[in-house]
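Here the structure comes first, spelled out in structure tokens, and everything after it is commentary.
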Amino acid sequence: LALIVVEVDIPGKGRVLFANAHFALDAPTRLKQAEEVLQYLKKRKLPSLFVGDLNATPEQPEIQLLLSQLTAASGLDQPSFPTEAPVKTIDYIFFNSRLKGKSLHSEVPPIHHSDHLPVLSTIQF
């Protein structure tokens, strides 16, 4: 699993971990990647955001596993792939309970700079 991680100090809130991944195309590998992400976040014990192109739709086991321990800030019914006439929700924004957050708004703006549309979420914490 390649997981890009940065820790950010937010004045008055402390340190927040931001992680990004691009999951594999095959389901067994994606499930293992989801398990590894959850283990990593649990080990770090920080308020965390996890985002990425996870190549799996909301009903698939790897996303359900993530949802068992993380909150989806992005809409699970907001398709972002492919860019033209999107039909699949495979790009996500999640946060853990240590963030003490609340998702206020989520959208998939029609910005065509990739084969995926961007996912934008507003989280209050």
Side-chain angles (χ1 to χ4, degrees):
L1 169 67
L3 186 66
I4 298 172
V5 178
V6 64
E7 291 182 20
V8 179
D9 286 317
I10 299 177
K13 297 293 180 187
R15 190 166 285 228
V16 175
L17 185 142
F18 184 86
N20 177 287
H22 186 180
F23 279 8
L25 294 176
D26 66 286
T29 302
R30 288 194 309 265
L31 187 56
K32 181 67 175 162
Q33 290 173 312
E35 291 167 354
E36 290 175 358
V37 165
L38 291 173
Q39 288 172 2
Y40 179 83
L41 295 179
K42 185 176 181 180
K43 184 174 81 173
R44 294 305 307 271
K45 298 180 182 177
L46 287 172
S48 301
L49 291 147
F50 171 59
V51 304
D53 171 0
L54 305 185
N55 282 314
T57 55
E59 73 281 350
Q60 291 182 277
E62 51 273 44
I63 303 304
Q64 290 300 307
L65 177 62
L66 291 170
L67 288 169
S68 73
Q69 296 182 40
L70 302 174
T71 300
S74 56
L76 299 178
D77 60 350
Q78 293 178 309
S80 57
F81 181 82
T83 300
E84 297 299 327
V87 295
K88 285 186 176 182
T89 301
I90 61 174
D91 302 289
Y92 300 90
I93 300 172
F94 297 102
F95 60 91
N96 68 5
S97 61
R98 286 188 174 96
L99 190 67
K100 295 181 173 56
K102 177 182 177 183
S103 181
L104 299 178
H105 175 75
S106 181
E107 65 179 295
V108 179
I111 299 171
H112 301 267
H113 293 300
S114 169
D115 60 333
H116 296 246
L117 293 173
V119 176
L120 173 67
S121 293
T122 302
I123 303 168
Q124 180 181 28
F125 60 97

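Side-chain atoms are counted along with the backbone in the values below, which use heavy atoms only and exclude waters and symmetry mates.
- Contact annotation: the side chain of Ile123 approaches that of Leu49 to within less than 4.5 Å [non-hydrogen atoms, C-beta and beyond].
- Here the closest heavy-atom approach between residue Leu65 and residue Ala34 is recorded as CD2-CB, 4.1 Å.
- Residue Val37 is grouped with residue Leu31 when hydrophobic side chains (ILVMFWY) are merged at heavy-atom distances under 4.5 angstrom, including chains of intermediate members.
- With hydrogens and angles disregarded, no donor-acceptor distance shorter than 3.5 Å links the side chain of Glu107 to the backbone of Val119.
- Between Thr83 and Leu117, some side-chain heavy-atom pair lies under the 4.5 Å cut-off.
- Here the side chains of Thr89 and Thr57 are not in contact, with every heavy-atom distance at 4.5 Å or above.
- In this structure, Asn55 contributes its side chain and Phe23 its backbone to a donor-acceptor pair below 3.5 Å.
- One N or O on the side chain of Ser121 and one on the backbone of Ala73 form a donor-acceptor pair closer than 3.5 Å.
- Interatomic distance, Phe50 CZ to Leu38 CG, rounded to the nearest 0.5 Å: 8.0 Å.
- Placement of Leu99 and Leu17 in two distinct hydrophobic clusters is found when ILVMFWY residues are connected by side-chain heavy-atom separations under 4.5 Å, directly or transitively.
- In this structure the side chain of Leu46 never reaches within 4.5 angstrom of the side chain of Asn96, judged on heavy atoms.
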Determine, stepwise, if the pair Val6 / Asn20 fulfils side-chain contact (heavy atoms from CB on, under 4.5 Å). CA-CA 9 Å; Val6 64; Asn20 177 287; over 6 Å; no
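- For the pair Asp91 and Val108, the minimum side-chain heavy-atom distance is 4.5 Å or more.
- When atom types are taken as modelled, the side chain of Arg15 and the backbone of Ile10 share no donor-acceptor pair closer than 3.5 angstrom.
- Taking CD1 of Ile93 as the reference point, atom OG of Ser103 lies at 8.5 Å (rounded to 0.5 Å).
- Leu104 has its side chain within reach of Lys102: a pair of non-hydrogen atoms, C-beta onward, lies under 4.5 Å apart.
- The structure places CZ of Arg98 at 8.5 Å from NZ of Lys100, a figure rounded to the nearest 0.5 Å.
- Interatomic distance, Phe94 CZ to Leu67 CG, rounded to the nearest 0.5 Å: 5.0 Å.
- Hydrophobic clustering of Ile, Leu, Val, Met, Phe, Trp and Tyr side chains at less than 4.5 Å, counting indirect connections, keeps Phe95 apart from Leu66.
- At a threshold of 4.5 Å between non-hydrogen side-chain atoms, the residues Phe18 and Val51 count as touching.
- Within the model, atoms CZ of Arg30 and CD of Gln60 stand 5.0 Å from one another, a figure rounded to the nearest 0.5 Å.
- When the side chains of ILVMFWY residues are joined at heavy-atom separations under 4.5 Å, either directly or via intervening members, Leu25 and Val87 end up in two distinct hydrophobic clusters.
- Shortest non-hydrogen contact noted between Gly75 and Ser106 is N-OG, 3.1 Å.
- Under the 4.5 Å side-chain criterion, counting only non-hydrogen atoms from C-beta, Phe81 is in contact with His116.
- The backbone N or O of Ala56 sits nowhere less than 3.5 Å from a side-chain atom of Glu62 that would complete a donor-acceptor pair.
- Side chain of Ser74 to backbone of Tyr92: no donor-acceptor contact under 3.5 angstrom is found.
- Atom CG of Leu76 sits in a crowded spot, with more than 12 heavy atoms from other residues, nucleotides or ligands closer than 6.0 Å.
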